[in-house]
Amino acid sequence: MGLPKRRCPNCGDTEQHFRHLHGAERAFALTQTQVLVHRADLDKYRRCTHEGCVRVQSYFNWRSGFDLPEEFRTSPQPAT
């Protein structure tokens, strides 16, 4: 089964694949208290895999999200 496709407002409001957050992305997401209140909520958030996109959003609500800082704007890592 492939990665889930969801609406991404950063990618022209198109359907994109999203993956779980990794390492530093998870650490940054925990600082985003306006969207994440509990560590357990972190598993609901995914990152867009479109090259250069820094969008992180809820798997269940595309409006609930934020952008990672510019240093995260790199080519996406392959899914494992």
[X] side, atom [atom1]; [Y] side, atom [atom2] - distance, nearest 0.5 Å:
X     : Y     : atom1 : atom2 : answer
Asn10 : His50 : CG    : NE2   : 11.0 Å
Ser58 : Phe66 : OG    : CZ    : 10.5 Å
Leu30 : Leu42 : CG    : CG    : 5.0 Å

Is there side-chain contact between [X] and [Y], with heavy atoms separated by less than 4.5 Å?
X     : Y     : answer
Gln16 : Arg6  : no
Arg55 : Asp67 : yes
Arg46 : Arg19 : no

Salt-bridge present (Glu25, Arg47; N to O < 4.0 Å):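 Result for this pair is yes, salt bridge flagged.
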For a quick test of reading the model, state the closest non-hydrogen atom pair linking Gln57 to Cys8 and the distance between them.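 Residues Gln57 and Cys8, closest heavy atoms: OE1-CA, 4.3 Å.
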Please name the pair of heavy atoms, one in Phe28 and one in Leu68, separated by the smallest distance, quoted to 0.1 Å.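 Phe28 and Leu68 have their closest heavy atoms at CD2-CD2, 3.6 Å.
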Membership question, hydrophobic clusters at under 4.5 Å side-chain separation (ILVMFWY): are Val56 and Tyr59 in the same one?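 In one cluster with Tyr59: Val56, no.
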Check for me, please, whether Phe18 and Val54 land in the same ILVMFWY cluster - side-chain distances under 4.5 Å, paths through other members count.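 No, Phe18 does not connect to Val54 through the hydrophobic network.
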Tell me, please, whether Trp62 has Arg7 positioned over its six-membered ring: NZ or CZ under 6.0 Å from the ring centre and within 45 degrees of its axis?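 Satisfied, under 6.0 Å and within 45°.
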